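What follows is a short report on a single structure.
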Amino acid sequence: MSKQQQQNPNQNQKQAPKTAISPTRDENFPEWYQQVVRSADMAENSETRGCMVIKPWGYGVWELIQRQLDVYFKDTGHKNAYFPLLIPVSYLEKEAAHVKGFATECAVVTHHRLEAEPQADGSVKMVPAGKLSEPYVIRPTSETIIGAAFARWVQSYRDLPLLINQWANVMRWEMRPRLFLRTAEFLWQEGHTAHETPEEAMTETRLMHGVYEKFLREHLAIPAIPGEKTEAERFPGALNTFTVEAMVQDRKAIQAGTSHFLGQNFSRASGIQFQTRDGKQEFGWTTSWGMSTRMIGTVIMAHADDDGLVLPPRIAPTHVVILPITPKEETRAAVLEAADKLAAELRQISYHGAAIEVEVDRRDLGGGVKNWEWIKKGVPLRVEIGPRDLESGNVAVTRRDQPVKAKEFLPSGEFVARAAELLYAIQQNLLARAQQFRDENTRVIETKEEFYDFFTPKNREKPEIHGGFALAHWNGTREVEEQIKNDLKVTIRCIPFGEGEAGTCPFTGMPSAQRVVWAKSY
RNA sequence: CGGGCCGUAGCACAGCUUGGUAGUGCGCUUGAAUGGGGUUCAAGAGGUCCCGGGUUCGAAUCCCGGCGGCCCGACCA
């Protein structure tokens, strides 16, 4: 691409690109993603390696995700709390599988101060001093330190269930960062609960799993397949891991939220013990579940198009942007006044129990620059109001889920009356669209040949977007999973719930209890 | 940690082969026009050419060493 620009820079500048984002999804999906994030002004890379700066527009989306998820947590009886960023290394060591899973990506704090060390050239270098007797890791997750707290808080069966959630940042030293999708530091929530019986803990695990599935569908307009992880993909230290797997537009899978049944592994490790109803001592049964800023990346890859971000209205920081068209100085004041009046009327309208968020963009920018900015930001509704509309009483409305030029003129009053309805319709349409995309790219597969063909690009040199979700049988062994992963980089994303029909594993000819979902993944 | 590529203005890059005044586009500032679609014109600001050493009258350019980044692989909530 850069070569083309070098060869013919003038032509490239004069030809207005057909799409706001280049390259397009088909041309280069990963690069398209980066450009969407940048064009929407959501986040940027920081000078701290692997970490991002989340800018107001991106953080606004996160705040809405946070706010709405939190309601579900509260509704299901959870309370928020906060635990330390730094975890003593000895805590991690308590659970063997857990420490093994996270050891390779821990940032370690070994010192507690800096000392000035004069250099030969006269400058001063600050070097770590005050070595800690026991190092800390910056939390990659908080099971161990929350477990230690739970051990203090839980004495009796009367203290159970203990239902806690924390909103926090965590750090996992990633080798290959990508904005929102995989960064060294990210924001998330982690729920941690302790229960009296395994049944109760499992019910909790499944309940929160259901909350995630519902949240994705109703708030992010993403249909996800709920199911269980195989042993190979399980959370380190968990007995069961449940996932919601979404498909994004390059047809890969992304894990959009996980809920773990931890059995007594972590309560043994942390000493979460309680006196039972019949006076015995027993270890508690714990769960944990989390959803992160990765959801923002998921939303982008699920809904954005070649003109930039497309936000589901429920998580759009601004629902309606009003663009005053002020071609002549004489009419300028009247147009702005009408725009403000329209904004005020819209703010009286309720959408999902809160006022519609409206912004009047009065910046003195020329032409369609402003309009394109809002397109790239993914605002659900754009409304133009100009001198001609003052006379006709109309406004020009464009939905972000429709083509850029699909402008509809509506009487101003009618638009106000229908604004909430339009937002519901956009939300609905995005979900339907994503659902259709997933269905079109999900295939029931019976043979090994068909399977390998499905996941092999036609053009080896420059792989096109290919594959999708494959529903195929599996004999339940780790060996098969391993083999497929080595051959195709395809893994089992989940074992879906529901009555699975038995069949034959296409890779081994052995019996299979049910079909599982295979895909390449993020 | 292995293989490849690259460090020049806020961003994207040209210039390096063949050493000789630091460039282009976007963005930014100011002014004017324009105004239902990514607008135009004019003026302007902005650089330790990654760092250190060497060769040379002279280094962004050549040589040596270092540091940093990107991509592919490996690893992976």
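Values below: all heavy atoms of this structure, side chains included; hydrogens, waters and symmetry mates excluded. From a predicted model like this one, the values you see are computed outputs, not experimental measurements. Below, chain A is the first sequence line, B the second, and so on; all start at residue 1.
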Whether A/F215 and A/H219 hold their rings parallel, tilted or perpendicular, with breakpoints at 30° and 60°: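 Ring orientation of A/F215 relative to A/H219: parallel.
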Parallel, tilted or perpendicular: rings of A/F497 and A/F242 (30°, 60°):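 If you compare the ring of A/F242 with that of A/F497, the planes turn out tilted.
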Consider the side chain of [X], meaning its heavy atoms from C-beta on, and name the nucleotide among [options] that approaches it most closely.
X	options	value
A/R38	B/G36, B/G38, B/C11	B/C11
A/I325	B/G36, B/G38, B/C76	B/G36
A/F409	B/U39, B/G36, B/G35	B/G36
A/D364	B/G35, B/G38, B/G36	B/G35
A/P387	B/G36, B/C76, B/G38	B/G36
A/E384	B/G36, B/G38, B/G35	B/G36

With [atom1] as the reference atom in both, quote the distance from [N] to [M] in angstrom, rounded to an integer.
N	M	atom1	result
B/G19	B/A59	C1'	6 Å
B/A45	B/G53	P	32 Å
B/G46	B/A22	C1'	13 Å
B/G23	B/U39	P	28 Å
B/G2	B/C62	C1'	30 Å
B/G31	B/G38	P	24 Å
B/G52	B/G10	C1'	27 Å
B/C51	B/A9	P	11 Å

For the pair made of [atom1] in [X] and [atom2] in [N], what is the distance, rounded to whole Å?
X	N	atom1	atom2	answer
A/E373	B/G27	CD	C1'	12 Å
A/L181	B/C76	CG	C1'	14 Å
A/N371	B/G35	CG	C1'	13 Å
A/F235	B/C76	CZ	P	15 Å
A/N394	B/G36	CG	P	18 Å
A/R382	B/G38	CZ	P	13 Å
A/D361	B/G36	CG	P	16 Å
A/E44	B/A12	CD	C1'	16 Å

Touch class at under 4.0 angstrom, heavy-atom based, for A/P140 against every strand present: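 No contact.
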Backbone N/O of A/W188 and side chain of A/W62: donor-acceptor pair under 3.5 Å: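 Not at all, since once roles are kept as given, no pair shorter than 3.5 Å links the two residues.
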For [N], the Watson-Crick or wobble counterpart (both distances under 3.5 Å):
N	answer
B/C16	none
B/C26	B/G10
B/C75	none
B/A32	B/U40
B/C62	B/G54
B/A45	none

Test: A/R363 and A/E373 ion pair at under 4.0 Å: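 Judged by the 4.0 Å cut-off on N to carboxylate O distance, A/R363 and A/E373 do form a salt bridge.
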Salt bridge flag under 4.0 Å for residues A/D306 and A/R25: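 Yes, A/D306 and A/R25 are salt-bridged.
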Side-chain-base donor-acceptor pair under 3.5 Å for A/D389 and B/G36: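 Donor-acceptor pair under 3.5 Å: yes.
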Face-on cation placement of A/R294 at A/Y522 ring, 6.0 Å and 45° thresholds: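 No; the conditions do not both hold, so A/R294 does not lie above the ring face of A/Y522.
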Over-ring placement of A/R139 relative to A/F83, 6.0 Å and 45° cut-offs: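 No, A/R139 and A/F83 do not form such a contact.
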Which protein N or O atoms sit under 3.5 Å from an N or O of nucleotides 70-74 of chain B?
from  : atom 1 : to     : atom 2 : distance (Å)
B/C72 : OP2    : A/R176 : NH1    : 3.0
B/G73 : OP1    : A/K489 : NZ     : 3.0
B/G73 : N7     : A/R176 : NH2    : 3.2

Derivation and outcome, side chain to side chain donor-acceptor pair (under 3.5 Å), residues A/T398 and A/R400: CA-CA 6 Å; A/T398 318; A/R400 184 60 183 90; over 6 Å; no
A/F266 ring center within less than 6.0 Å of A/H98 ring center: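 Ring centroids of A/H98 and A/F266 are less than 6.0 Å from each other.
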Near-ring test A/W289/A/F73, centroid separation under 6.0 angstrom: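 Yes, the ring centres sit under 6.0 Å apart.
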Any residue of residues 85-109 of chain A with a heavy atom less than 4.0 Å from an atom of RNA chain B: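 Here the set is A/F102, A/E105.
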Separation between NZ of A/K520 and CG of A/L488, rounded to the nearest 0.5 Å: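 Answer for the NZ-CG pair, A/K520 versus A/L488, is 7.0 Å.
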Toward the 5' end of RNA chain B, by each residue's nearest nucleotide, A/I254 or A/I21: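 Nearer the 5' end of the strand: A/I21.
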Residue whose closest nucleotide on RNA chain B lies nearer the 5' end, A/K405 versus A/F186: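 That would be A/K405.
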A/D26: partners by salt bridge (charged side-chain N to carboxylate O under 4.0 Å, His left out), with sequence neighbours left out: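 If we apply the salt bridge (charged side-chain N to carboxylate O under 4.0 Å, His left out) test to A/D26, skipping adjacent residues, there are no hits.
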